[in-house]
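These notes concern the structure reproduced below.
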Amino acid sequence: MESEDSDYIWLRLDGQKRLATENYVEGNTVYGEKLYKKSKIEFRVWDPFRSKLAAALYIGLDVFPITRGTKVLYLGASTGTTVSHISDIVGHNGVVFAVEHASRVARDFLDRVASFRKNVIPILQDARHPKQYFSIYGKVDVVYSDIAQPDQTEIAIENCHTFLKEGGYLFLVIKTRSIDVTLPPKIVIQGEIKKLKTDFEIKQEMTLEPYDKDHGLVIARYHVKV
Ligand code: SAM
């Protein structure tokens, strides 16, 4: 069984349903993922245990506003696992501005991902200071934030105020243990959602079990009340 979407594909490999994206750089792998050819097009298998966005797609997303040509601001690029799949999806007409502050991690990110992909623009900055990113031009369609900081929601909101277009989407990955280890993850997520209510309409919220125990994901639309 195979089902296709315009942006990613579900395929059956070794008897299991797997998610994959069309490889932006043929022959290139980023984190040891399998490559698969179908009708001469190469796909990279997208691992839900390595990428929270893949986990969310396995669990079920009501909205997925990332498509060919989308402009994404990604906070917390790390070594680029998820950024690389978003780069596959947005393709040649899209762009991923990828912010990472840790220099050692950023070096790996440059070597593995940014140097091969023309649609990825690395920004070696602290996401707490969005006004210091000089390489972003215009507004973005999506802000994706995965930075595992106690003030992660406030940082994401500030980046949205600076760069997200009216009606654009925020994907907020919440590391619940970074905020409060004593409370159940669902309660922590509700607390963070309250901070979004003024400027966003909440579209979906989820925990990422069974792929990830410590994280939740909130998808919200910016400024839709006005
Ligand atoms: N999103 C990545 C993925 O799916 O492949 C994993 C992100 S990892 C959980 C969090 C990353 O955020 C780390 O690489 C960390 O260095 C980065 N980070 C944390 N605080 C940051 C900040 N204030 N500014 C920029 N990057 C930050």
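As a basis for the values below, the full set of heavy atoms in this structure was taken, side chains included, without hydrogen atoms, waters or symmetry mates. For ligands, and for the atoms within them, numbers begin at 1 and follow the listed sequence.
Between Asp47 and Arg18 there is no salt bridge, since no side-chain nitrogen of the basic residue lies less than 4.0 Å from a carboxylate oxygen of the acidic one. Comment: Lys52 does not engage Asp212 in a salt bridge, judged by the lack of any side-chain N to carboxylate O separation of less than 4.0 angstrom.
With ligand atoms numbered from 1 in the order given, ligand 1 contributes 2 (C), 6 (C), 7 (C), 14 (O) to contacts under 4.0 Å with heavy atoms of Ser78. The distance from ligand 1 to the heavy atoms of Tyr74 drops below 4.0 Å at these ligand atoms: 1 (N), 2 (C), 3 (C), 4 (O). Contact atoms of ligand 1 toward Gly76: 1 (N), 2 (C), 6 (C), 7 (C), 11 (C), 12 (O), 17 (C) (distance under 4.0 Å to a heavy atom of the residue). Every atom of ligand 1 is numbered from 1 in the order shown, and the set under 4.0 Å from a heavy atom of Ala102 is 16 (O). Near Gln149, meaning under 4.0 Å from any of its heavy atoms, are these atoms of ligand 1: 19 (C), 20 (N), 21 (C). The contact set between ligand 1 and Gln125, taken as ligand atoms under 4.0 Å from a residue heavy atom, comprises 24 (N), 25 (C).
For a threshold of 3.5 Å applied to N or O pairs, the pair formed by Arg50 and ligand 1 contains no separation below that value. At a 3.5 angstrom cut-off on N or O pairs, Lys52 does not count as close to ligand 1. Residue Ala127 places at least one N or O, backbone or side chain, under 3.5 Å from an N or O of ligand 1.
Side chains of Glu192 and Gln152: a donor-acceptor N/O pair is absent below 3.5 angstrom, by distance only.
Atom 19 (C) of ligand 1 has its closest protein heavy atom at Ile147 O, 3.2 Å. Looking from atom 5 (O) of ligand 1 to the surrounding protein, the closest heavy atom is Thr82 N, 3.4 Å. Closest to atom 16 (O) of ligand 1, if we only count protein heavy atoms, is Glu100 OE2, 2.6 Å. Nearest protein heavy-atom contact of atom 21 (C) of ligand 1 is His101 NE2, 3.4 Å. Regarding atom 6 (C) of ligand 1, its nearest protein heavy-atom neighbour is Asp146 OD2, 3.5 Å. Nearest protein heavy-atom neighbour of atom 23 (N) of ligand 1: Asp126 OD1, 2.9 Å.
Each ring-ring contact (aromatic ring centres under 6.0 Å, His included) pair with one or both residues in residues 99-123, not counting sequence neighbours, would appear here, but there are none.
For the side-chain contact (heavy atoms from CB on, under 4.5 Å) with Leu170, the qualifying choice from Ile219, Leu196, Val218 is Leu196, the only one to do so. Remark: of the listed residues Tyr137, Tyr133, Phe134, Tyr137 is the sole one forming a ring-ring contact (aromatic ring centres under 6.0 Å, His included) with Phe97.
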(request) Given side chain to side chain contact (heavy atoms under 4.5 Å, CB included), test Trp46 with Leu57 step by step and report yes or no. (result) CA-CA 10 Å; Trp46 193 359; Leu57 284 161; 3.5 Å; yes
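Within 6.0 Å of atom NZ in Lys118, 12 or fewer heavy atoms from other residues, nucleotides or ligands are found, so the atom counts as exposed in its surroundings.
No side-chain heavy atom of Leu172 sits less than 4.5 Å from a side-chain heavy atom of Ile193.
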